[in-house]
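Here the structure is laid out as structure tokens; the discussion comes afterwards.
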2 protein chains.
Amino acid sequence: MDTHSRQMAQLEEQCRQAGKKLTPIRQQVLQLMLQHPQPQSAYEILQAYQSRYNPKAQPMTVYRALNFLEEIDAVHRLASTRQYVVCDHLGREHTHHGFTQFLLCDRCGGLQEVEMEQAVWQKLLAEAAIYHFTPNASAIEIHGVCGQCQNPA
Amino acid sequence: MDTHSRQMAQLEEQCRQAGKKLTPIRQQVLQLMLQHPQPQSAYEILQAYQSRYNPKAQPMTVYRALNFLEEIDAVHRLASTRQYVVCDHLGREHTHHGFTQFLLCDRCGGLQEVEMEQAVWQKLLAEAAIYHFTPNASAIEIHGVCGQCQNPA
DNA sequence: GAAAAAATGTTATGTTATAACATTATTTTG
DNA sequence: CAAAATAATGTTATAACATAACATTTTTTC
Ligand SMILES: [Zn+2]
Ligand SMILES: [Zn+2]
Ligand SMILES: [Zn+2]
Ligand SMILES: [Zn+2]
């Protein structure tokens with residue numbers, strides 16, 4: 001079983017667990033995203049969808065699918081760049097625990113999804129608690145330059 | 001000397017240090033922001049500018065001023081909400097060192113700007129370094145609920 | 001099979017941000 | 001000082017991102 005099939009299988013599983021339906025549109029949108037590991041904007045995904053599945057598709061179609069996929073934790077939305085990307089955990093064994101660090105490369109547009117060390121996010125929580133602040137989102141986005149772009153072979 | 005005056009004075013100082021000019025528009029935009037401690041969108045600031053200074057002002061006018069003020073570290077742009085806010089350090093003695101944590105309340109829209117503990121951001125950097133990633137931005141945004149909104153008196 | 005719920009289609013609009021070029025103001029320099 | 005260069009602002013247009021509102025279709029429930 002190849003990687004994409006495994007990811008699709010887990011998408012089905014996550015839908016089942018959430019009691020939601022995996023409709024063709026939703027599956028197609030994820031399919032397109034799987035073929036494009038770099039984060040993409042909703043309108044880029046819309047263009048791909050129009051090319052491949054339905055030239056008459058409208059923004060709402062893609063936004064609905066993306067919102068759905070995000071709800072069931074199959075994809076993430078990157079707030080700082082307004083892009084969407086498949087969750088790195090999809091099709092693997094482990095799942096999200098604690099905080100996530102998104103490392104966004106400003107040169108190549110690439111993304112690395114990293115599980116934050118527990119000690120670190122506990123400190124972040126502790127620091128927030130000083131101000132009686134309770135985080136509900138569990139991800140931070142850090143911009144910079146990735147290894148590839150710093151040391152081009 | 002009241003708080004706003006102190007902040008304005010430091011704005012002048014930071015312009016001088018950066019070798020940039022503090023023009024009326026730039027000063028007026030900061031003035032408006034000082035009167036509104038909550039983060040605001042560029043278009044909200046534009047509306048205020050139109051009401052108070054020039055009904056014919058266009059988006060570019062405000063965006064240019066905001067970009068300038070951000071360059072000289074007088075204001076911050078919050079990537080996740082696309083809002084602008086005066087830097088908490090303006091008019092105080094200390095300045096930015098290391099990383100900043102923005103605590104954004106999803107209920108009231110309020111913001112707390114926090115200096116991240118050195119131990120924490122060093123760990124963040126170390127974790128990024130594992131992936132040969134070099135951060136260049138130095139702020140993270142954490143969404144949640146602030147103390148006020150959790151414990152309404 | 002009728003009623004309710006979920007998903008999709010469709011049109012319109014709201015929101016955020018920049019491109020491109022003209023004009024004006026300020027600074028530099030000969 | 002006057003010409004040239006630079007910086008700032010004015011102005012128009014448009015790109016890019018996202019949702020509201022309502023109609024229609026599909027699926028589920030009873
Ligand atoms: Zn993930
Ligand atoms: Zn890169
Ligand atoms: Zn600040
Ligand atoms: Zn609050």
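In what follows, chains carry the letters A, B, and so on, assigned in the order in which the sequence lines appear, proteins first and then strands, with residues in each chain numbered from 1. Since the model is a prediction, treat every value here as computed from it, not as a measurement. Scope of the values below: all heavy atoms of this structure, side chains included, with no hydrogens, waters or symmetry mates.
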| query | A/Gln40 versus A/Val85: any side-chain heavy-atom pair under 4.5 Å? | reply | no
| In the 5'-to-3' direction, what one-character label does each nucleotide of nucleotides 3-11 of chain C receive under the scheme B = base within less than 4.0 Å of a protein heavy atom, S = sugar-phosphate only, - = no such atom? | ---SSBBBB
| task | Begin from the C-alpha positions of B/Gln31 and B/Arg26 and carry the test side-chain hydrogen bond (donor to acceptor under 3.5 Å, both in side chains) through to its verdict. | result | CA-CA 9 Å; B/Gln31 185 67 37; B/Arg26 292 165 178 178; over 6 Å; no
| Within this structure, what is the CG-to-P distance between A/Leu46 and D/dA16, rounded to whole angstrom? | 13 Å
| query | Between atom OH in B/Tyr63 and atom P in D/dA15, what is the gap in whole Å? | reply | 17 Å
| query | Does B/Tyr43 put a side-chain nitrogen or oxygen below 4.0 Å from OP1 or OP2 of C/dT16? | reply | no
| Verdict with supporting geometry, B/His76 and B/His96, ring-ring contact (aromatic ring centres under 6.0 Å, His included) | CA-CA 12 Å; B/His76 297 294; B/His96 277 166; 4.8 Å; yes
| In whole angstrom, what separates A/Glu44's CD from D/dA18's P? | 12 Å
| said: With a 4.5 Å cut-off on side-chain heavy atoms, are B/Asn151 and A/His132 touching? | reply: no
| request: Please state how far atom CD in B/Gln47 lies from atom P in C/dG14, giving the value in whole angstrom units. | output: 13 Å
| said: Measure CZ/B/Arg82 against C1'/C/dT18 and give the value in whole Å, please. | reply: 16 Å
| Starting at CG of A/Leu66 and ending at C1' of D/dC17, how long is that distance when rounded to a whole Å? | 12 Å
| message | Could you check whether any side-chain N or O of A/Gln83 sits under 3.5 Å from a backbone N or O of A/Arg77, counting only pairs where one atom can act as donor and the other as acceptor? | response | no
| message | Measure CD/B/Glu71 against P/D/dA7 and give the value in whole Å, please. | response | 12 Å
| message | Can a donor-acceptor pair be found, under 3.5 Å and without considering hydrogens, that links the side chain of B/Gln14 to the backbone of B/Leu11? | response | no
